Every structure is written in structure tokens, then in C-alpha cells.
Enquirer: 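Have a look at this one.
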Amino acid sequence: MNLDPGWLLLLSMSLEVWSVPLDRNATPQEAHSPQEDKQEDNVDTGLYYDRYLREVIEVLETDPHFREKLQTANTEDIKNGRLSKELDLVGHHVRTRLDELKRQEVSRLRMLLKAKLDSTNTQSLQMDHASLLKQFEHLDPHNQNTFEAKDLELLISTATKDLENYDAERHDEFKRYEMLKEHERREYLKGLDQEKREKEEKRMEELKDKHRKHPKVNAPGSVAQLREVWEETDGLDPTEFNPKTFFKLHDANGDGVLDEQELEALFAKELEKVYDPKNEEDDMMEMEEERLRMREHVMKNVDINQDRLVSLEEFLKSTDKKEFNNPKEWDTLDDTKPVFTEAELQRFEAELHTKEEELGRRAESLRQEQDLLKERGKALEAQRREYQQAVLEMSQRKEKQAVEGQPPTGPNGELQFHQEMQKLEDQGAKAPVEQEVQEAQNNLPAEPPQNLPIHT
């Protein structure tokens with residue numbers, strides 16, 4: 001799916017699409033293969049509604065009218081929701097598909113809510129889905145069946161806001177990573193005796209010093225940095241450097257702008273001077289933070305309209321600035337102040353301690369439940385063995401009786417022929433009585449006597 005610049009405003013920031021070094025001898029097919037296209041389509045923005053966002057865009061781009069409006073729309077038209085009003089003019093099959101996508105997304109969000117409630121042991125017999133769905137801002141929770149202009153407006157505004165906050169979240173995530181690393185380092189040293197601790201501290205300092213010894217890093221976006229890419233990556237004569245040609249070479253998808261990933265790809269040579277995944281002293285998480293800092297630096301100086309895209313005009317204007325030809329030397333993370341303070345580290349460690357205690361309580365509760373299940377299992381196993389033993393003994397008793405010619409026994413060991421004898425005795429007791437009754441009936445006269453005197 002090839003996105004227009006308007007949609008790139010929403011998606012370009014966090015797409016993990018890295019431009020590869022240009023091979024001057026590659027054929028057009030080799031330089032841009034279908035496999036690469038497929039890989040580009042499958043990248044993730046990092047948003048929890050990424051799939052829904054992409055599918056909506058893909059469906060809308062199938063409508064000729066909407067696609068035409070998108071191509072002529074500017075950034076403000078997309079941001080302020082004016083473009084969403086064009087939804088009423090798209091084809092019926094497009095609206096039907098959008099309705100289906102929204103229902104699928106609502107169903108997915110309901111499942112997420114149910115899983116969240118189940119995980120927190122929240123009992124809710126009457127779950128108000130409409131109220132719960134309000135926490136999701138990328139769709140209209142009051143209309144859960146059809147995709148309307150308001151849904152498109154909410155989707156665009158929410159994605160724009162979330163992507164704008166993405167860099168801040170990445171910085172915060174890196175800070176937590178660094179605090180956790182420092183916490184683990186201190187805990188590790190705390191567990192060593194004095195001699196081993198001093199030896200380990202010395203080794204760690206040596207690794208830091210080794211990491212700091214690297215070639216000079218050019219300021220990102222400076223003429224020195226771009227000339228280096230021009231020569232070493234593009235294989236061109238550095239004396240023939242041309243900003244316009246450079247821009248077109250690194251506009252990988254040919255959309256007329258450099259998005260943030262195309263810019264970050266330009267910093268690979270500078271990052272290789274500082275970080276090597278084979279070296280113990282080089283942290284690849286720090287390398288990604290360095291890449292983010294470089295991109296933010298370039299965007300701050302080049303992206304005039306702050307649409308998170310660099311046009312050719314903006315790029316050429318930046319080459320006229322004093323900072324382009326005479327930049328300051330770039331300070332890496334090692335040259336800047338720490339990303340966290342001691343107070344922030346203490347708060348972070350307190351949070352870790354609280355979470356560890358909570359996990360400990362949950363682990364103890366699970367252990368007790370496991371012990372209880374084991375005891376129940378043992379009791380059930382003992383009961384099963386008793387039943388098996390009883391069945392076995394009964395079977396053996398019957399086999400023995402059959403061999404010795406004894407009558408079979410009942411479930412409580414009583415002889416079963418007692419019941420038969422009782423039946424015979426009952427029948428024998430009844431026989432004489434019935435015989436006497438029969439004889440008396442036979443001795444009765446055939447007809448009652450006539451003209452018997454009547455006594456008054």
C-alpha cells in the first residue's frame with residue numbers, strides 16, 4: 001500500500017521502514033523489489049489500533065473521488081477534519097466495507113476490555129460496553145455499527161496526537177531502561193565482596209573509556225555529514241556534491257518528501273562510528289536513542305511547517321543556513337548529562353520494590369493454591385485406589401465361588417440363594433390355605449335353598 005503525503009503525516013513517524021544503501025550497479029528491479037514493497041506494507045506504527053488505521057486507509061484509497069481529494073488536500077485539511085466530510089461521497093461498496101471494519105474493531109475492543117476485567121478479577125454482570133468504549137478515542141463509541149464522518153475525523157485526530165507523542169514515549173522508555181540498568185549494576189556490585197567489587201568496578205570503567213574512544217561524529221544534517229553519505233554510501237565524488245540530487249537519491253519511495261525513517265537512514269554511518277553490536281561496551285538501545293536524537297535535531301532545523309516531513313524546498317533552504325556549513329561538533333549521549341537524576345532513580349527503585357512485593361504476594365498465593373490442588377489430587381488418587389481395590393476383591397471372590405460351586409454372594413457378602421428360598425417358603429405357606437379355600441367352595445350347594453322361613 002503506497003501512502004500519499006497526507007497519510008504519511010499520520011504514519012511516517014513510527015514506521016520501521018529503513019532505507020537501504022543505494023547500489024549504483026543494481027537494476028531497477030533489484031533496487032525496488034516486490035518483496036521490499038510487501039515488507040513496507042507490513043510494518044507497524046506501534047499504535048494499538050494500527051491494523052484498523054491501515055485497513056481504513058487502504059479501503060478509502062480504492063475510491064477514486066476520495067483519493068483525488070486526498071492528493072490535493074494539505075496538512076491542515078487533514079488535521080482539522082475537513083477531509084472527513086468527503087466520506088459522504090464515496091461509493092456504497094466502500095461504505096459497506098468501512099462499516100464492516102468498524103464492527104470488527106468494536107468487537108476486538110470488547111474482547112480487550114473483557115480480558116482486562118478478567119485479569120483484574122472484576123465481576124460485572126451488567127457490562128456497559130458503550131461506557132467502557134469511551135476510553136478509546138479513535139472511534140465513535142455511541143455508534144457501534146456504521147462508519148461515519150465522525151469516525152474518520154476521530155481516527156485522524158487521535159492518530160496524529162498519538163504519533164506526535166511517540167517520540168516523548170520513546171525517550172521515557174529509554175530513561176526507564178537506563179535506570180533499570182543502573183539499578184541492576186548496583187545490585188550486582190552489592191552482592192560481591194570488596195575485592196571482587198573493586199575489580200569489577202575497574203573493568204566497567206575500562207569498558208566506558210573504550211566506548212568513548214571513537215572517531216569524530218559529524219552533526220546530523222550538516223554538509224560534512226551529508227557529503228560522507230554521498231561518498232561512502234552513494235559512491236559519488238564528494239567534490240560534486242549536489243543537495244538537490246542528494247534529496248532525490250534518498251527519497252526512497254519517490255513521494256517528493258523525506259519522512260522521518262528516510263532521514264534516520266542517513267545517520268547510519270555516524271552511528272557506526274560509536275556503536276558496534278559485537279562490542280561488549282556498546283549498547284544497541286543507546287544507539288537507537290542516539291538515532292532518535294539525531295532525527296529530532298534535523299527536524300527542528302529543517303522542518304519549517306512542522307508536518308514531520310521534509311520537502312525539497314525545506315531541504316534546500318536548510319543548506320543555505322550557517323549551521324549547515326559550519327556546524328558544532330555533535331555531542332553523543334556520553335557527552336551529555338545523564339538522562340535521569342539520583343532522585344528519579346530512587347523513585348524508580350521504590351516502584352520496583354513495590355512491584356516485587358506484589359509479585360511475591362501473588363506468587364505465594366499461587367503456591368498455596370498449587371499445594372491445595374496437590375492435596376486434593378492425593379485424596380482423589382487414594383479414593384480411586386480404594387475403589388479399584390474393592391472392585392478387584394469382589395471380582396476375585398466371584399471367581400473363587402464359581403470354582404468351588406458356591407452360590408454367588410451379594411454386594412455385602414450375603415448369599416444370594418437366601419432370597420430364592422424365601423420366595424419358595426412364601427409360596428409353600430400360601431399353598432395349603434388356598435387348597436382349603438378351594439375345598440370349601442366345592443362343598444357349597446349349587447343353588448341357595450328356596451322358601452326359607454322369614455323370622456320377624
Side-chain angles (χ1 to χ4, degrees), residues 3 5-19 40 43-51 53-54 57 75-76 78-79 137-138 154-181 217-222 225 250-253 255 257-268 270-271 274-275 283-311 314-315 318 323 327-328 330-341 344 348:
L3 303 180
W7 293 120
L8 285 171
L9 172 65
L10 305 178
L11 303 176
S12 65
M13 177 181 168
S14 57
L15 296 182
E16 299 172 1
V17 182
W18 305 103
S19 301
E40 182 175 339
V43 293
D44 195 326
T45 62
L47 302 174
Y48 68 90
Y49 50 90
D50 170 81
R51 181 174 178 177
L53 172 63
R54 288 184 167 277
I57 294 174
T75 302
E76 290 304 317
I78 296 176
K79 279 188 173 182
E137 300 178 348
H138 64 286
L154 289 172
L155 182 60
I156 292 174
S157 61
T158 304
T160 303
K161 180 186 67 175
D162 290 345
L163 290 175
E164 287 174 350
N165 296 333
Y166 188 74
D167 283 351
E169 292 175 359
R170 283 180 62 180
H171 286 308
D172 186 63
E173 182 181 350
F174 176 73
K175 178 190 284 190
R176 294 181 67 84
Y177 168 78
E178 288 289 290
M179 289 191 291
L180 179 60
K181 190 168 66 172
V217 178
N218 295 312
S222 66
Q225 189 258 320
H250 293 277
D251 178 15
N253 57 3
D255 60 0
V257 293
L258 296 180
D259 60 40
E260 294 176 338
Q261 282 61 53
E262 290 169 333
L263 282 176
E264 289 184 0
L266 302 178
F267 312 143
E270 303 305 319
L271 294 170
V274 186
Y275 300 96
D283 190 331
M284 294 300 103
M285 285 289 289
E286 292 181 1
M287 184 186 74
E288 292 307 317
E289 177 69 7
E290 195 76 73
R291 192 194 306 275
L292 175 58
R293 291 179 64 242
M294 289 181 171
R295 188 248 292 162
E296 288 178 328
H297 173 79
V298 173
M299 280 295 188
K300 182 180 179 181
N301 296 320
V302 180
D303 184 19
I304 299 174
N305 62 0
Q306 298 182 352
D307 64 351
R308 311 188 75 86
L309 301 168
V310 176
S311 66
E314 290 173 327
F315 184 77
S318 71
E323 295 81 4
K328 296 179 180 179
W330 179 254
D331 292 332
T332 63
L333 283 170
D334 300 315
D335 303 320
T336 59
K337 63 180 182 181
V339 295
F340 59 87
T341 64
E344 288 175 325
F348 177 75

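All heavy atoms count here, side chains included; hydrogens, waters and symmetry mates do not. Source: prediction; values computed, not measured.
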Enquirer: With a 4.5 Å limit on heavy-atom distance, are the side chains of Met294 and Val217 in contact?
Expert: yes

Enquirer: Mark yes or no for whether Glu290, through its side chain, and Glu270, through its backbone, hold a donor-acceptor pair below 3.5 Å.
Expert: no

Enquirer: Assess whether side chain to side chain contact (heavy atoms under 4.5 Å, CB included) is satisfied between Tyr49 and Glu137, documenting all intermediate values.
Expert: CA-CA 10 Å; Tyr49 50 90; Glu137 300 178 348; over 6 Å; no

Enquirer: May I ask you to decide whether Lys181 forms a salt bridge with Glu178, counting only side-chain N to carboxylate O separations under 4.0 Å?
Expert: yes

Enquirer: Say whether, by atom type as modelled, one donor and one acceptor occur between the side chain of Asp167 and the main chain of His171 under 3.5 angstrom.
Expert: no

Enquirer: Could you tell me if the side chain of Met287 sits less than 4.5 Å from the side chain of Met284, heavy atoms only?
Expert: yes

Enquirer: Do other residues, nucleotides or ligands put more than 12 heavy atoms under 6.0 Å from Glu173 CD?
Expert: no

Enquirer: Go through the steps for Leu333 and Phe174 under the test side chain to side chain contact (heavy atoms under 4.5 Å, CB included), then give the verdict.
Expert: CA-CA 12 Å; Leu333 283 170; Phe174 176 73; 4.0 Å; yes

Enquirer: Apply side chain to side chain contact (heavy atoms under 4.5 Å, CB included) to residues Asp335 and Trp330 and explain how you reach the verdict.
Expert: CA-CA 9 Å; Asp335 303 320; Trp330 179 254; over 6 Å; no

Enquirer: Which pair of heavy atoms, one from Lys175 and one from Phe340, lies closest together, and at what distance?
Expert: CG-CB, 4.1 Å

Enquirer: Side chains of Val339 and Glu289, heavy atoms from C-beta outward: is any pair under 4.5 Å?
Expert: no

Enquirer: Starting at CZ of Arg295, measure out to CD of Glu264 and round the result to the nearest 0.5 Å.
Expert: 4.5 Å

Enquirer: In Å, rounded to the nearest 0.5 Å, how long is the span from OH of Tyr166 to CZ of Arg308?
Expert: 11.0 Å

Enquirer: Minimum heavy-atom separation for Met299 to Leu263, with atom names?
Expert: CE-CD1, 3.6 Å

Enquirer: Looking only at atom types and distance, does a side-chain atom of Glu262 sit under 3.5 Å from a main-chain N or O of Asp259, one as donor and one as acceptor?
Expert: yes

Enquirer: State whether the side chain of Ser157 and the backbone N or O of Leu154 hold a donor-acceptor pair below 3.5 Å, judged by distance alone.
Expert: yes

Enquirer: Let's go through Glu323 and Asn301 carefully: what are the C-alpha distance in whole Å and the side-chain angles of both, what is the deciding distance for side chain to side chain contact (heavy atoms under 4.5 Å, CB included) to 0.1 Å, and is it a yes or a no?
Expert: CA-CA 9 Å; Glu323 295 81 4; Asn301 296 320; 5.9 Å; no

Enquirer: Is there side-chain contact between Phe315 and Asp251, with at least one heavy-atom pair below 4.5 Å?
Expert: no

Enquirer: Compare every heavy atom of Glu314 with every heavy atom of Val310, then report the nearest pair and how far apart it is.
Expert: CA-OE1, 3.4 Å

Enquirer: May I ask you to decide if Asp162's main-chain N or O and Asn165's side chain share a donor-acceptor pair within less than 3.5 Å?
Expert: no

